[in-house]
Structures are given as C-alpha cells and as structure tokens.
Asker: 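Structure provided below as structure tokens; questions to follow.
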Amino acid sequence: MRDIAIISFAQTHHARAIEQENEVEMLQPVVVDAIAKAGITKDRIDFVCSGSADYLAGMAFSFVLTLDAVGPWPPISESHVDMDAAWAVYEAWVKMQMGKADIALIYGYGKSSPGNIRRALTRQLDPYTLQPLWADPVSLAAIQARSALDTGTVTTEAMAEVAARSWRSAQDNPYAQLKGDLAAADVLATEPFVDPLRRHDCAPITDGAAAVVLAAGDVARELCERPAWIRGIDHRIEPHMLGVRDLTTSASTAIAAAKAGVGDGPIDVAELHAPFSHQELILAAALGLGDDTAINPSGGALCANPVMTAGLVRMGEVAQRVIDGTADRGVAHATSGACLQQNLVCVLEGE
Amino acid sequence: MSDIVLPDRLRDVAEPVRRIRTPARLDYVFMAGKATSRFLNAVAEKRLVGQRCPVCRKVYVPPRGVCPTDGVPTEEEIELPHVGTVTSFCVVNVQFYGQVMELPYVSALILLDGTDIPLMHLIQEVPADQVHMGMRVEAVWVPDEELGPTLESIKYFRPNGEPDADYETYKDNV
C-alpha cells in the first residue's frame, strides 16, 4: 500500500444562502486556497475528483459547469461522484494506490438554497413506496430518533447535550454557520420541531464548498511538514428499505471502523458527519469512541451542513488538526442516504 | 407490452401491477451569480457586456465569473458591439412540445465581435436556406419598454449586409 495523506484543506464561510454567487463563483476561491496551501501550482495535479448533486442545482450535468473553477486546460484527468465529496477522496485514494496519481485535488460543493432540500432529498428513496410519500430526511430521522429513544439507546437529555456542545464548539470555528454559548437546558426549553426532534437536533440548511489536496509518499513529505496520513479508509452501505434495518445502531459504520482500524490506537479527535444529534450518539457507539476523544470540535454538521460537502469537511477538519500538530490520530466520518444508510470511516494520523 | 410471466410463487396474485404513476415536481430559484447578473442587467439596458480573463485574455459572453481555461475570476468587463459572425447553425424543421417559433427557423451560434465564445440565438429576416457560416449578423432588440434582464430582450439576429467574415476570424470557434 502507498502512503497517502491530506496535505491541505480549505472551505467557505458556510451560510444559509450564498445568494450573490453561482456555484462556480462560490467554489473557485476555495479551490485556489487549497492549492495554494498545498504549496503547488495546478499543473502538478494529476487527478481531480469532485462531489455534488444535480438535484441541488436543478440542472443536469451541473458539475461540468463548476469544473471551470479548476481551469481544466490542457485536458485533465477528472472524475465526479454524485455523493458527498468524502467519497471523491475515496476514489482518488484508490487511483493513487494504483499508482495513477501522486497529487490529487478533491472538492465538494452544495447550494441548497435554490431549491427545497427536504423535498429534493426524497428523490434518493425507493421510488415505488417512499418517494410518492415525499418522506423527507427530517421526518425519517425523527422516526429513527423515536426508535432510539424507545429502546433506550439515546435519551432526550443526551441529544440536547450533543446539540449544545456542538454550538459551543462552533464558537471557535470561523467557518461555522450556527454557533452560540448554549446549554442542554436551553435546547430542552424549546418546542419540538418534528417530534421528537427539536430544531437544535437538526442540521441547518447550508450553502458551502470545501477542497482538499492529497499527496502520496515523499511528495507529501516534501510539500507538507506534517501530512495527515490516511491509515485506513473504508465505506459500507445498508439496505435501501428502512424497514429492514435496525435504525438504533449503525452496522455499516461499525464494519467500516473495524476495516479502517479505528480501534488500533487512541483517537484524539473525531469529526462525525451527523446531521441529527441522535445520530452522533449512534455513530460514537458504532465507532467505539470513549471519553478521551474530542467529538466534533468544529461544531460538526449541526452547525453547518453543506450537502455533498459536509463529509469532506469532516476529513478536512481532522486533517487540519493533524497537520497543525494539535492531534496525533483522528477519525473522520461521512454519511449518505436516509438515517445513516451509507457510511465512510477514515483514520488520519501524523508521523 | 408483452405479457408478464410470473414465477410460480406469485401465480396467486390476481393482477400484476404493470405501472404506477408518481408525479414529482421540484421548484428552484435560479441564482445567476455576480458575473451573469451583470450581463443580464446590462441586457435590460440594451447593452451587451462580456468579461476578459486576465491570464489568457479571452472574452466570455455571457460570463459565468471564472475562466474555464485558467480557473481564475474574470473581473474586467468589456462593452461589446451588437454585431457578430455565424459560426454554426441548424435549421429546425421538427415540431416539438412548447414550441413558439414558426417552422422552419434557424438557431445559430453567433460570435460577437471581440469575443472568444459564441452566443446562441435565432436568425430571422432571411430564408433559412440562405443562412451560412461566416454570415455577418446584428441584434434586433425588442421595443425599449419591453427590455428586461433576459436574452429574450434580443428578438433575433439578422444579416447586416456586410460581406462574409474570413474563416480565419472564427475558425477557433467552429
């Protein structure tokens, strides 16, 4: 296996609506920033991979338009996933393992503001029985939360504590959309939104973009003083039909964590892509995280959730802490689909 | 449709469901962005503006804010003439749903003078079989009171009587 590392990370100041800029205008400064932080010029990039969704833009092949941000001339080697860009990292990692690239640029972006994200995300469900119901992600997450509460897997108080801690942590994150000095009691004092979820239990609707640069072996060491090495990366998916899954656990995360070697050493920091507070509790259990792990110091998806990007941001946030020396070993997680259907786990480590 | 052959265990099903209807509709508020907004606002004033890349010096219209060759913002705004050259075209002879034009009509790529990417629009006031590459054309605008931030502010382009452009002047855009 080749040693592959994240050597730079950049993101937008995430917001409810970045109305002045189209997708490429929003993305381009982030791409430039990630390339500059890697200390390279774009001609050194061997492979570009991105994550986005046409259902957000309301336009077929919308990712082709945003490729302008990279300036793909002379012709480049490029790919795209209609998924969170964390999976674009996975694709690039595979390509680099095959020896096809030494430096890769990965970016993700999502503008939810032009459309109605709760309606758009129903289109990923089973087309015969669930799409006609317009079963939206908040309602489905509420069903999951109810299951977890009724089985005693989570408590309302623990969910409120996750939400409050995320808001407090986000106060140190200049890129976060929501932040504040919040206590669990403040959350519990609010009315339910989609019962049993309160608004603070749910990720906000966000416009944003992010990018990372990956480099292999000595190229990474040459470009970065302390690369964030990918020591393990794995992703697993559960069935499409919610009825056949146990929504109170995350079997796919547990398998991915074992394959990625999460338990092979102490974890200083974990960035978990949990768009709902109870999901963070389910994920932390599936990953086997203990009290010695700082979870979502960035504030996580509860404080900024750019769709198709928030998973990549988790990888970037962990990588940045390894690069700047504030963490030695961390885990980043990304999710996709309803109720944590698909999960990617990545272990990042300094040398 | 051919008959469905069911496996034995499903033979008791009275009538197989052959199709379902699940109408779906998603609405979007399109965000033009900074560069295209400037272009559209200029069109509402009966002006055409493009943007020049600071690296390769190409002029894009309508601009999308970033040079697709160099990946840098295109911030220098260029006032453009309302005349250009047909680089390619097609004659539409087929009726389709939602069509507003009378058949046959011509849809063309028009390279405005001083730009490096052609704009798509209609060619009128000339028989369809006389439209050709290199033909010089000019914009015909709607009446001033009907101007708005849309390319429909230009009704169509028509021949302006100039001799055909030399192929060399538009060969990169064919």
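No experiment lies behind these values; they were computed from the predicted model shown. The chains referred to below are lettered A, B, ... by the order of the sequence lines, with proteins before strands, and numbering in each begins at 1.
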Asker: Tell me if the NZ atom of A/Lys100 is crowded by more than 12 foreign heavy atoms within 6.0 Å.
Answerer: no
Asker: Which residues, numbered in order, of residues 109-133 of chain A come under 4.5 angstrom of chain B by heavy-atom distance?
Answerer: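 Expected list: A/Lys111, A/Ser113, A/Pro114, A/Gly115, A/Asn116, A/Arg119, A/Ala120, A/Arg123, A/Pro127, A/Tyr128, A/Pro132.
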Asker: Please report the closest heavy-atom contact between B/Gly71 and A/Gln28, naming both atoms and the distance.
Answerer: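 The answer is O-NE2, 2.8 Å.
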Asker: CZ of B/Arg64 to CG of A/Asp68: how many Å apart, nearest 0.5 Å?
Answerer: 6.0 Å
Asker: Contact part of B/Pro23 toward chain A, heavy-atom cut-off under 4.5 Å: side chain, backbone, both or neither?
Answerer: backbone
Asker: Might you point out which heavy atoms bring B/Pro68 and A/Pro72 nearest each other, and give the distance in Å?
Answerer: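 Looking at all heavy atoms of both residues, the closest pair is O-CD, 2.9 Å.
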Asker: Taking B/Val66, B/Val55, B/Thr36 one by one, which has the highest count of heavy-atom pairs under 4.5 Å against chain A?
Answerer: B/Val66
Asker: Could you state the interatomic distance from OH (B/Tyr28) to CE (A/Met59), rounded to the nearest 0.5 Å?
Answerer: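 Between atom OH of B/Tyr28 and atom CE of A/Met59 there are 10.5 Å.
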Asker: For atom CD of B/Glu125, decide whether the heavy atoms of other residues, nucleotides or ligands shown that lie under 6.0 angstrom number more than 12.
Answerer: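 Yes, enclosed.
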Asker: Answer yes or no: is there an ion pair linking B/Lys34 with A/Glu25, defined by an N-O contact shorter than 4.0 Å?
Answerer: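 No, B/Lys34 and A/Glu25 are not salt-bridged.
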Asker: Counting heavy atoms not belonging to A/Tyr55, are there more than 12 under 6.0 Å from its OH?
Answerer: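 Open: at most 12 neighbouring heavy atoms sit under 6.0 Å from OH of A/Tyr55.
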Asker: Give, as side chain, backbone, both or neither, the part of A/Leu65 having an atom under 4.5 angstrom from any heavy atom of chain B.
Answerer: both
Asker: Chain B heavy atoms under 4.5 Å from A/Val24: which part of the residue, side chain, backbone, both or neither?
Answerer: both
Asker: Is there a donor-acceptor pair closer than 3.5 Å between any side-chain N or O of A/Glu19 and the backbone N or O of B/Met31?
Answerer: no
Asker: If you tally heavy-atom pairs under 4.5 Å against chain A, which of B/Asp27, B/Val72, B/Val29 wins?
Answerer: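 Top count of heavy-atom pairs under 4.5 Å with chain A: B/Val29.
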Asker: Taking atom CD of B/Glu152 as the centre, does the number of heavy atoms from other residues, nucleotides or ligands within less than 6.0 Å exceed 12?
Answerer: no
Asker: Is any side-chain heavy atom of A/Trp73 closer than 4.5 Å to one of B/Asp70?
Answerer: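 Not in contact.
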Asker: Does atom CZ of B/Arg47 have more than 12 heavy-atom neighbours, drawn from other residues, nucleotides or ligands, at distances under 6.0 Å?
Answerer: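 More than 12 heavy atoms, drawn from other residues, nucleotides or ligands, come within 6.0 Å of this atom.
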Asker: Would one find more than 12 heavy atoms of other residues, nucleotides or ligands at under 6.0 Å from atom OH of B/Tyr97?
Answerer: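 For B/Tyr97, atom OH is not crowded (no more than 12 foreign heavy atoms under 6.0 Å).
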Asker: Is the count of non-hydrogen atoms from other residues, nucleotides or ligands lying under 6.0 Å from B/Glu102 atom CD greater than 12?
Answerer: no
